[in-house]
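Report on the following structure.
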Amino acid sequence: MKSTTKILLVALGAGLLGAAAGLLMNGPGPLLRSEVGQRALQGAMSATAPPAPEGLQVAERGDPMPTLQLPDLEGQAVELPAAYAGRPILINFWASWCGPCIEEMPELDRFAAIQGDDGVQVIGIALDTPGEVAAFLEHTPVRYPILLDQPGPRDSGVQLGNPKGVLPYTGLIDADGRLVKQKIGPFQHGEIESWVGG
């Protein structure tokens, strides 16, 4: 019995050393791209965030998405999730000054372009000024809708479970209008398909 315990402890120690070495050599990226890592990060951020403003509806995983009414680039109001009822919606929060947001935009655009009329609807919500967003999109256009919001303690990102306002931030809304996944940080090339489908 003692030799079995010793073997298990040695194996556990080796596993922990391997995990530590992997983090040291590869950084936390692979862990943060995993669902377990994202849930842990989301939990840690929520635990240290200030309480939501009184009366603000904030969705958690599995909750219905709060109704959002935001202007598009032409100033027309768009209501989410009603505007895309019956379709999954990938909502990506970004800003023109956010380097990782800009790096992932071609990947979001690629994914949006292959979805067709029945696939996942990609929506970008810029937490930025209309002028900065328009200027940015002139030289970096995307084929998915962009809506506008102002950053703050009551913004749409907070309502979709991002209390600290970290960018980029993405929420996946299922066809029934429920928040089913959250991601803090940018998507890597080819990652969106597995994230949406996983």
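From a predicted model like this one, the values you see are computed outputs, not experimental measurements. In what follows, residues are counted from 1 in the order of the sequence shown.
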Is [Y] close to [X] at the side-chain level, that is, under 4.5 Å between some pair of heavy atoms?
X: Q182; Y: R61; value: yes
X: W94; Y: L127; value: no
X: F93; Y: I123; value: no
X: D72; Y: I146; value: no
X: Q159; Y: L68; value: yes
X: L108; Y: I192; value: yes

Check [X] against [Y] and note the closest heavy-atom contact, atom names and distance.
X: V78; Y: A83; answer: CG1-CB, 3.9 Å
X: M105; Y: V142; answer: CE-CG1, 3.9 Å
X: E132; Y: S96; answer: CB-OG, 3.7 Å
X: P163; Y: G161; answer: CD-O, 3.2 Å
X: P130; Y: Q150; answer: CD-NE2, 4.2 Å
X: V158; Y: P153; answer: CG1-O, 3.6 Å

(request) Could you go through the side chain to side chain contact (heavy atoms under 4.5 Å, CB included) check for T67 and E79 one step at a time? (result) CA-CA 7 Å; T67 299; E79 187 175 298; 3.6 Å; yes
Gap between atom [atom2] of [Y] and atom [atom1] of [X] - 0.5 Å precision:
X: K164; Y: I184; atom1: NZ; atom2: CD1; result: 10.0 Å
X: M65; Y: S156; atom1: CE; atom2: OG; result: 8.0 Å
X: C98; Y: F136; atom1: SG; atom2: CZ; result: 9.5 Å
X: L70; Y: L148; atom1: CG; atom2: CG; result: 8.0 Å
X: I173; Y: R178; atom1: CD1; atom2: CZ; result: 11.0 Å
X: L80; Y: Q121; atom1: CG; atom2: CD; result: 9.5 Å

(message) Please say yes or no: joined through hydrophobic side-chain contacts below 4.5 Å, possibly via intermediate residues, are V180 and F111 part of one cluster?
(response) yes
(request) Spell out, yes or no, whether L56 and I125 are grouped together once hydrophobic residues are joined by side-chain heavy atoms under 4.5 Å, including indirect joins. (result) no
Counting distance only, does the side-chain N/O of [X] pair as donor-acceptor with the main-chain N or O of [Y] below 3.5 Å?
X: Y169; Y: L160; value: yes
X: N162; Y: V166; value: yes
X: T140; Y: L137; value: no
X: D174; Y: P88; value: no
X: E103; Y: P100; value: no
X: D149; Y: D155; value: no

(request) Give the intermediate values and the outcome of side chain to side chain contact (heavy atoms under 4.5 Å, CB included) for residues L147 and L73. (result) CA-CA 6 Å; L147 304 179; L73 296 171; over 6 Å; no
(request) Kindly check if the number of other-residue, nucleotide or ligand heavy atoms within 6.0 Å of CD (E193) is above 12? (result)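 Buried by this count: over 12 neighbours within 6.0 Å.
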(message) Closer than 4.0 angstrom, basic N to acidic O: yes or no for E104 and R110?
(response)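 R110 and E104: not salt-bridged.
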(request) Specify whether F187 and W195 have parallel, tilted or perpendicular ring planes, treating 30° as the upper limit for parallel and 60° as the lower limit for perpendicular. (result)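 Answer is perpendicular, since the angle exceeds 60°.
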